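Model, not experiment: these values are computed from the prediction.
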Amino acid sequence: MLSSFQISRMPRGQSSSMSTREKPKVDQAVDPNEDNRKHRRGAYLLLGLLIVFLHGSWSVYRIQFGNLPLPLDSKQAGKRGFSEASALEHVKYLTSLGPHPVGSDSLDLAIQYVYAVAEKIKTTAQWEVDVQLELFHTDIGANRLSKGLFKGKTLLYSDLKHVLLRVVPKYMPEAEENLILVSSHIDTVSTTEGAGDCSSCVGVMLELARGVAQWAHGFKSGVLFLFNTGEEEGLDGAHSFITQHHWRNSVRFAVDLEAMGISGKSTLFQGTDYWALESFAAVAKYPSAQIASQDIFRSGAIKSATDFQIYQEVGGLPGLDFAYTDTTSVYHTKNDKIKLLKPGSLQHIGDNMLAFLLHSAASPNFLKNAQQQKQENTEQNKAVFFDILGKYMVVYSQRLATMFHNSIILQSLLIWGTSLLMGGCSGLVSFGLSCLGIILMLIFSICLPVVVAFILPHICPFPVPYVANPWLIIGLFGSPALLGAFIGQHIGFNLLKRHLRCVYSRTKPGLTHNTREYVIDLEAERWIFKSGFVQWLIVLILGTYFKVGSSYIALIWLVSPAFAYGFLEATLSPVRLPKQLKVVTLVLGMAAPVVSSAGLAVRMADVIVGSIVRVDRNPGGLPDWLGNVIVAVAVAIVICFMFVYLLSYVHISGDKRTLGLLLWIFFGLSLALVTSGIVPAFTEDVARSVNVVHIVDATGIDDGNREPLSYISLFSNTPGKLTKELVDLGDEEFFCGRNMTTDFVTFTMKYGCWSYKDSSTGWSKSEVPTLRVESDSVTDSARQTVISVDTKSSTRWSLGINKQEIDDFTVQVDSEKLVLLGDKTEVDGWHTIQFAGGKNSPTKFQLTLYWSNTATKTSRREAKEASDVPLLVKLRTDVNRVTPQVTNVLEKLPRWSTPFGKSTSPYTLAFLTDLPVNIFRQ
């Protein structure tokens with residue numbers, strides 16, 4: 001490693017001339033009579049290196065994430081194998097039902113279908129295998145997770161139905177007490193048929209259950225397949241199973257199948273324990289696993305959650321979590337449909353999971369590890385995991401990773417420290433200037449694409465004009481970022497040259513002017529190249545300190561180029577002048593980093609772009625340019641870190657302007673395509689999020705004599721105004737603006753459109769929910785208010801409680817207290833209760849509020865100062881019905897727009913009501 005970081009030592013002192021014994025060495029390094037331009041790299045070479053790098057990165061991505069196995073039919077798979085064709089038949093039926101959210105008739109049909117297929121699996125199982133089937137009807141329950149998306153929330157559920165299929169060997173009763181859970185959800189959001197999320201998962205599980213039922217006679221553990229409902233309403237299905245079902249205490253390990261897109265490879269993106277990950281890696285036919293996805297998901301950067309969180313936090317179970325992430329822009333929209341399901345997607349996860357279940361269920365060691373997991377320190381069981389080109393999977397413990405990383409960090413610091421001491425003051429200054437080049441590269445690389453990000457909303461039809469064609473970000477943001485990175489690095493390069501010119505004029509006065517300038521160029525080039533080591537060393541130090549699993553990426557980007565440099569470039573001689581960096585050094589040094597992480601970088605960029613369509617959780621609450629800035633910064637950071645070595649080869653080229661011109665041309669072409677509309681921002685398959693809701697607003701009505709306000713609301717979670725959509729809705733009398741604010745309890749629409757046209761039909765006043773004060777008393781200086789909540793026909797509602805006024809509360813159904821006192825978090829001063837259930841769910845609740853003594857005085861003062869009346873409780877009820885006017889608007893919307901659904905989104909008919917604080921004050 002010493003030679004990797006060797007710094008050429010500048011002889012101290014001055015000399016008026018050089019000895020004749022030194023001249024041959026100088027002449028061997030540099031021929032003063034040769035034109036230095038002959039040594040400069042040409043544009044074709046540099047352009048070729050850039051093309052090789054980009055093409056190599058894309059090839060790695062295609063191999064790692066796009067190379068799917070051939071789908072098998074039932075005949076090819078055999079009785080004990082996995083058949084994508086068979087699984088696809090299940091997916092086709094489930095998607096043919098259309099959207100099937102909780103409480104819908106279509107969900108009942110889906111449950112019936114899954115149960116019927118499970119019955120067939122039971123009758124065709126191997127004769128030594130016992131298959132037990134159960135339709136589980138849940139009791140009313142409360143889910144009170146407090147992390148991530150669930151902070152400030154209480155989730156209630158009722159009348160959910162799950163299908164459970166338990167497969168155990170007949171003659172091993174202990175297997176019944178040691179189950180491996182495989183789980184996914186049948187229900188969808190109200191806006192999609194859910195081919196990817198998660199009918200594909202259900203189809204895979206049914207085919208897995210059929211295959212496992214032919215193998216289970218040799219198992220040491222049983223396998224429990226849970227087809228739950230209520231996941232889309234806040235992980236209610238998994239919570240009801242893990243807290244209510246009698247088989248829950250027998251589960252030792254959990255596997256969750258999910259989707260945040262549609263098709264492609266189902267990637268292992270969360271894993272709890274080294275032994276479980278190692279077991280999967282040992283048998284997976286087509287491993288796809290990325291701890292980087294786990295790091296990002298758990299950081300909260302992706303606003304989502306899976307049932308795995310329930311199994312881990314509530315059940316305390318070890319496990320693995322898998323998800324599809326291809327085409328994330330279709331997530332929870334009408335475009336999550338079966339025609340976008342790529343052939344081989346189901347075969348990929350099916351083959352992997354079947355091999356894993358057969359291995360783990362038959363292994364006594366797997367069961368032993370699962371039982372010991374709760375007793376041991378979970379930190380010791382954590383692991384680093386990733387796949388290489390989708391062919392091999394690497395797994396090693398986090399403890400080993402920390403030890404190895406610390407060793408590399410220590411060696412690197414020692415080598416750099418020793419080298420700087422050998423280089424003296426001049427070497428220290430050179431080191432500082434090369435580090436300055438890194439900082440300038442990052443600054444310029446971020447600034448240029450961010451400027452573009454700010455400009456795009458003003459010159460394009462849509463603020464985010466690249467969602468349907470993500471490759472456009474290469475030209476729109478990648479070209480400016482690469483140019484900015486080069487400019488910043490080149491400034492550092494020139495500062496280095498100025499410093500080295502002073503050093504060489506003092507220490508090498510015998511060199512001719514041309515030779516000295518050329519040698520200075522070569523020395524500065526090497527410093528810039530080695531600055532990449534410093535950059536990745538800093539990332540490795542930070543990642544190791546914070547125990548980031550994906551720090552292995554920094555390790556590879558540090559060690560591989562450093563080894564290539566030390567092997568091919570570095571010299572232990574302090575006298576010999578530098579030579580030009582070899583191209584082979586770059587190629588060899590970049591091979592391992594590109595193979596290990598280029599595909600992941602492309603995938604992350606694709607996920608970020610796809611997520612932009614739903615980035616604005618409070619429609620109109622974010623600036624139009626924010627989505628662009630997020631993408632621009634992400635692209636710039638990737639380019640700064642991945643191109644730091646390649647760019648160091650450009651500075652002594654005579655064709656820098658040519659390369660810069662090419663980048664500008666590519667940027668200009670991309671900009672022309674998006675501004676002209678030649679390449680559409682959205683298409684029918686990759687559509688913009690646009691929700692249409694018929695709102696019946698009864699807020700502020702105390703006496704019940706006034707009629708509620710009824711109107712059609714239009715809003716989007718995608719940045720930008722709704723100007724283009726209104727072109728097709730010209731006769732619907734919509735008016736838009738930021739004064740069209742609507743509080744939906746779970747979010748606030750800060751920009752949208754309203755229309756009162758024909759909004760009085762499709763609903764009745766008897767459906768308007770009521771909040772009625774039953775009692776309001778003060779005992780022992782504590783105020784207590786009882787409110788009856790009647791949601792009428794709605795079994796899906798959200799209720800907000802003002803935590804500035806209320807210390808605590810309880811919720812009671814009939815005589816059962818569903819929510820007890822204590823542990824109520826808040827977000828922006830509110831705690832939200834969300835309820836979702838089946839047709840037989842209760843609609844009447846009793847809410848008991850315990851007031852805060854100090855907040856009441858504050859609220860009185862705020863009420864006098866504020867123009868609006870502060871609210872104590874606000875309620876939204878949803879009805880899954882499309883009114884005539886909503887139908888009319890939906891039919892006229894452009895084909896490139898689609899409703900977007902989530903647990904906090906209203907259905908197409910929503911009722912609003914509230915209780916103000918001052919209703920309780922005399």
Side-chain angles (χ1 to χ4, degrees), residues 60-69 180 182 184 201 204 253-261 263-299 302 304 306 308 311-312 318-326 328 344-357 359-360 366 369 381-398 400-401 543 547-556 592-593 595-604 606-607:
V60 167
Y61 170 74
R62 292 297 303 165
I63 294 171
Q64 188 170 11
F65 292 99
N67 191 16
L68 295 169
I180 297 172
V182 183
S184 192
C201 311
V204 166
F253 188 85
V255 175
D256 183 51
L257 303 183
E258 255 297 350
M260 202 180 74
S263 74
K265 290 188 176 182
S266 184
T267 301
L268 170 58
F269 76 103
Q270 289 193 95
T272 56
D273 298 276
Y274 169 74
W275 52 268
L277 292 162
E278 191 176 42
S279 296
F280 177 77
V283 297
K285 295 179 67 175
Y286 316 105
S288 180
Q290 293 295 338
I291 194 173
S293 301
Q294 175 175 289
D295 291 336
I296 295 173
F297 191 78
R298 293 185 177 179
S299 71
I302 297 178
S304 187
T306 71
F308 189 70
Y311 301 134
Q312 190 175 8
L320 304 176
D321 200 5
F322 298 82
Y324 294 114
T325 54
D326 264 18
T328 58
S345 301
L346 306 187
Q347 193 70 47
H348 172 265
I349 183 61
D351 282 344
N352 283 345
M353 285 308 305
L354 183 60
F356 174 70
L357 290 176
H359 170 75
S360 55
F366 187 89
N369 289 330
N381 291 324
K382 289 185 177 180
V384 175
F385 59 93
F386 57 92
D387 71 271
I388 300 175
L389 299 179
K391 306 294 184 183
Y392 310 98
M393 183 170 168
V394 178
V395 181
Y396 53 95
S397 68
Q398 181 68 59
L400 177 61
K547 295 184 178 180
V548 179
S550 50
S551 300
Y552 77 91
I553 296 174
L555 180 74
I556 297 173
V595 168
S596 65
S597 56
L600 178 63
V602 176
R603 169 46 57 95
M604 289 302 176
D606 182 61
V607 170

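Applying the side chain to side chain donor-acceptor pair (under 3.5 Å) test between Thr325 and each of Arg603, Gln290, Lys265, Glu258 identifies Arg603 as the sole match.
Side-chain contact check for Ile388 versus Val595: some heavy-atom pair is nearer than 4.5 Å. Annotation: side chain of Val204 is not in contact with side chain of Met353 (no heavy-atom distance under 4.5 Å). A heavy-atom distance below 4.5 Å is found between the side chains of Phe356 and Leu320.
Two rings, from Phe308 and Phe297, have their centers 6.0 Å or more apart.
Side-chain atoms of Ser397 come within 3.5 Å of backbone N or O of Leu400 as a donor-acceptor pair. The main-chain N or O of Ser345 is never found under 3.5 Å from a side-chain atom of Ser263 such that the two would form a donor-acceptor pair. No donor-acceptor distance shorter than 3.5 angstrom exists from the side chain of Asp273 to the backbone of Pro318, with no hydrogens or angles considered.
Distance check: Leu268 CG to Leu277 CG gives 6.0 Å after rounding to the nearest 0.5 Å. The distance from atom CD1 of Ile291 to atom CZ of Phe269, rounded to the nearest 0.5 Å, is 13.0 Å. For the atom pair CG of Asp321 and OG of Ser266, the computed distance is 9.0 Å after rounding to the nearest 0.5 Å. Put simply, CH2 on Trp275 and CZ on Phe366 are 4.5 Å apart, with the number rounded to the nearest 0.5 Å. To the nearest 0.5 angstrom, Ser596 atom OG is 10.5 Å from Asp387 atom CG. With rounding to the nearest 0.5 angstrom, the CZ atom of Phe385 is 8.0 Å from the CD atom of Gln270.
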**Prompt:** Given the rule in the side-chain contact (heavy atoms from CB on, under 4.5 Å) test, do Leu346 and Tyr324 qualify, once you have shown the distances and angles that lead to the verdict?
**Reply:** CA-CA 10 Å; Leu346 306 187; Tyr324 294 114; 3.4 Å; yes
**Request:** Could you walk me through whether Phe65 and Val602 pass side-chain contact (heavy atoms from CB on, under 4.5 Å), step by step?
**Result:** CA-CA 10 Å; Phe65 292 99; Val602 176; over 6 Å; no
**Item:** Verdict with reasoning, Ser360 to Phe253, per side-chain contact (heavy atoms from CB on, under 4.5 Å)
**Value:** CA-CA 10 Å; Ser360 55; Phe253 188 85; over 6 Å; no
**Prompt:** After noting the C-alpha distance and the side-chain angles of Ile296 and Val607, does the key distance pass the side-chain contact (heavy atoms from CB on, under 4.5 Å) rule?
**Reply:** CA-CA 11 Å; Ile296 295 173; Val607 170; over 6 Å; no
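Across all their heavy atoms, Met393 and Pro287 have their closest contact at CB-CB, 3.7 Å. Here the closest non-hydrogen pair linking Gln64 and Gly390 is CG-N, 4.0 Å. Listed here is the closest heavy atom pair of Ser184 and Cys201: OG-CB, 3.0 Å. Considering every non-hydrogen atom in both Ala401 and Tyr396, the closest pair reads CB-CE1, 3.4 Å. Contact detail for Gly549 and Asp295: the closest heavy-atom pair is N-OD2, 3.3 Å.
Within the structure, side chain to side chain donor-acceptor pair (under 3.5 Å) contacts touching residues 279-289 (residues at least two apart or in different chains) are Thr267-Ser288.
By the side-chain hydrogen bond (donor to acceptor under 3.5 Å, both in side chains) test, Asp606 pairs with no residue at all, sequence neighbours left out.
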